[in-house]
Amino acid sequence: MADRRPARRKRPRGEVDPPGLAPRRAALRLLDAILRRGDPLDIAMHAAAQGLAGADRAFAVAIASEALRWMTDIDALIDGATAQSLPDDVKSRAVLRIALAQLLVLKSPAHAVVATALPLVDGGPRRLVHAILSRAQQENWELPEHATLPSPAAARWAAIWGAPMVDAAAASWSAPPPIDLSFAAEPGSDEWPDAVALAPRHRRLPRGQAVEAMPGFAEGGWWVQDLAASLPARLLGAGDGRTILDLCAAPGGKTMQLAAAGWAVTAVDASARRLERLRANLARTGLAAEVVQGDIRSWAPGSAADAVLLDAPCSATGIFRRHPDVLHRIEPRQIAEMAVLQSELLARAADWVKPGGTLVYATCSLERAEGEDQIAAFVEANTRWTIEPARADELPAGIVPDANGFVRTLPGQLADAGGLDGFFIARVRAPSV
């Protein structure tokens, strides 16, 4: 694709950046890294927001996230206001995307949005950008009730799950999700009075609170973890000192669940940076696990374990509410590539389960190729392994196993309580001998 971004305009002598320009410029870099290079938001953030203070960094991420979440609808407004459509790779469109996200979603002051948008155009059509932003204010532009999903994802999910799921996904995508906390022990009945308990050792809170400032953060009795992400470890029950391998473990939510449930955990992950977060989480919560850096395609444990939890690398389309970049980056090619990797990792993980032991396989994906199809292929190739169906009494109210005993969470489930991330979870049993 040709780079249509104009050269940076020559800065007039004495010109001073308007207040608040730095986080907006970082948001523009984030959008470019995600849409042009295909970088994940959390990776792009490290370079794009380098040097920003915490509040500015959070603002940059919020701007980019809302621009991505509402991009289809924002683009429709831009195209309706221009006689000739702006190509996607023109910088002025990117500036308008982040500016309109601030105006229409974040409700930032209009004067601050305009003042910081124009310097970002860098020699491009500043008058056009100014005119569109002025029109947006004069005509009181509004976005639809629900954000429109990118058409490739919508079409793919409609074919897999049907139109109602796509409608539910659009509704759940239209705002960031609430904050879910997992607890090492059940909180007292008088604690967290404003929270909703959707499962044992779980509380759900409204979004908008700084996690580090919430009660008990320093004491380490809880950690942030979506309810759906807590389900794989729930299917393993109490450990009673038994051994478990937590594979692809970072940043450690499931590791902490398992340690709190009495398992002797070995947490394995290939990423040194992500393992730093896991170790920090263990230190804060006071929970214990052996932490190992290793790529499980080549690493192997010294002995088999009573259980293995494989939260396999995946397309992450199930966590699109939290990571709106996913639906703009992931294509069928990447899903197929991840499915090949998952099959390899599942085969290796199965070799490390003791006879009669348990393997739980999970992905935060809404693609059957990364969930149901993986387990179907595994049990077909390993005929002595058996599916151990999940039971309703192991799961939160409102989540039920499917006909095969798998757990599949979809947009629309628990919608009145704030919804769930998309997950697939299966539990299989190794042959006894």
Side-chain angles (χ1 to χ4, degrees), residues 33-44 65 68-69 71-72 147-170 172-173 226 228-229 231-232 247-248 250 269-271 274 295-297 309-350 360-381 402 404 406-413 420-426 428:
I34 290 162
L35 298 177
R36 193 166 61 89
R37 298 203 304 265
D39 293 348
L41 175 61
D42 55 350
I43 292 176
S65 295
L68 291 165
R69 198 184 309 277
M71 195 168 80
T72 300
T148 302
L149 295 175
S151 55
R156 187 174 67 248
W157 289 348
I160 299 172
W161 306 111
M165 178 275 197
V166 176
D167 293 340
S172 69
W173 198 40
D226 186 79
L231 300 181
L247 304 178
C248 309
D269 201 279
S271 169
R274 285 168 58 82
D295 184 334
I296 62 174
R297 290 173 295 182
L309 171 54
L310 172 61
D311 186 0
C314 67
S315 63
T317 54
I319 55 174
F320 67 100
R321 301 186 304 164
R322 304 172 190 283
H323 299 276
D325 59 299
V326 167
L327 299 191
H328 294 284
R329 295 187 297 102
I330 296 300
E331 299 174 347
R333 173 184 57 82
Q334 289 128 308
I335 295 168
E337 290 171 352
M338 296 308 300
V340 171
L341 174 61
Q342 290 152 7
S343 178
E344 179 184 356
L345 299 185
L346 187 53
R348 286 188 64 77
V360 170
Y361 170 82
T363 56
C364 57
S365 168
L366 287 166
E367 318 302 328
R368 282 188 179 274
E370 300 182 272
E372 291 85 349
D373 294 352
Q374 286 291 339
I375 294 299
F378 176 80
V379 295
E380 182 178 357
D402 67 15
N404 296 307
F406 303 148
V407 179
R408 165 59 77 181
T409 60
L410 292 171
Q413 291 178 324
L420 289 168
D421 286 345
F423 258 80
F424 172 82
I425 307 141
V428 291

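For the numbers below, each heavy atom of this structure counts, side chains included, while hydrogens, waters and symmetry mates do not. Note that this is a predicted model, so its numbers are computed, not measured.
Contact check for V428 versus F378: side-chain heavy atoms found under the 4.5 Å cut-off. In this structure, the side chains of I319 and D226 stay at 4.5 Å or more apart for every pair of heavy atoms. For the pair L345 and L310, the minimum side-chain heavy-atom distance is below 4.5 Å. Side-chain atoms of T409 and D421, non-hydrogen and from C-beta on, never get closer than 4.5 Å to each other. Within the 4.5 Å cutoff, the side chain of E367 has no heavy atoms near those of the I330 side chain. Side-chain contact check for T72 versus L149: every heavy-atom pair is 4.5 Å or farther apart. By the 4.5 Å heavy-atom criterion applied to side chains, F320 and P411 are counted as neighbours. Counting only heavy atoms from C-beta outward, the side chains of V326 and R329 approach each other to under 4.5 Å.
Aromatic ring pairs are classed by plane angle as parallel below 30°, tilted from 30° to 60° and perpendicular above 60°; the pair F406 and F424 is perpendicular.
With respect to E344 and R348, no salt bridge is recorded, no charged nitrogen being found less than 4.0 Å from a carboxylate O.
In this structure, the side chain of T363 does not engage the main chain of G371 through any donor-acceptor pair within 3.5 Å. Counting only distance, with no hydrogens or angles, the side chain of D269 and the backbone of A250 share a donor-acceptor pair below 3.5 Å. With hydrogens and angles ignored, the 3.5 Å screen pairs a side-chain donor or acceptor of H328 with a backbone N or O of L68. Of the possible donor and acceptor atoms, none in the side chain of W157 sits under 3.5 Å from a partner among the backbone N and O of A169.
When all heavy atoms of P313 and C248 are compared, the pair lying nearest together is CD-SG, 3.7 Å. Between A228 and L420, the shortest heavy-atom distance links the atoms N-CD2, 3.8 Å. Nearest heavy atoms, L410 versus Q413: N-OE1, 2.8 Å. Looking at every heavy atom in both residues, Q342 comes nearest to A369 through OE1-O, 4.2 Å. For the residue pair P40 and D325, the shortest heavy atom distance occurs at CA-OD2, 3.5 Å. What you find for A362 and I425 is that their closest heavy atoms are CB-CG1, 4.1 Å.
Once rounded to the nearest 0.5 Å, the distance linking CE of M338 with OG of S315 reads 7.5 Å. Of the inter-residue distances, the one linking L341 atom CG with C314 atom SG reads 10.5 Å to the nearest 0.5 angstrom. Atom-to-atom distance recorded for R368:CZ and R156:CZ is 13.5 Å, nearest 0.5 angstrom. To the nearest 0.5 Å, the span separating OG on S343 from CD1 on I375 amounts to 10.0 Å. Atom NE2 of H323 is separated from atom CZ of R69 by 10.5 Å, given to the nearest 0.5 angstrom. Rounding to the nearest 0.5 Å gives a distance of 12.0 Å between CG of L309 and OH of Y361.
Remark: E372 pairs with R408 by the side chain to side chain donor-acceptor pair (under 3.5 Å) rule, at least two apart or across chains. For D295, the salt bridge (Lys or Arg N to Asp or Glu O under 4.0 Å) partners at least two apart in sequence or on another chain are R297. Considering only residues two or more places apart in sequence or on other chains, E370 meets the salt bridge (Lys or Arg N to Asp or Glu O under 4.0 Å) condition with none of them.
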Problem - CA sep, side-chain torsions, deciding dist, call: R321, S172, side chain to side chain contact (heavy atoms under 4.5 Å, CB included) - result: CA-CA 7 Å; R321 301 186 304 164; S172 69; 3.9 Å; yes

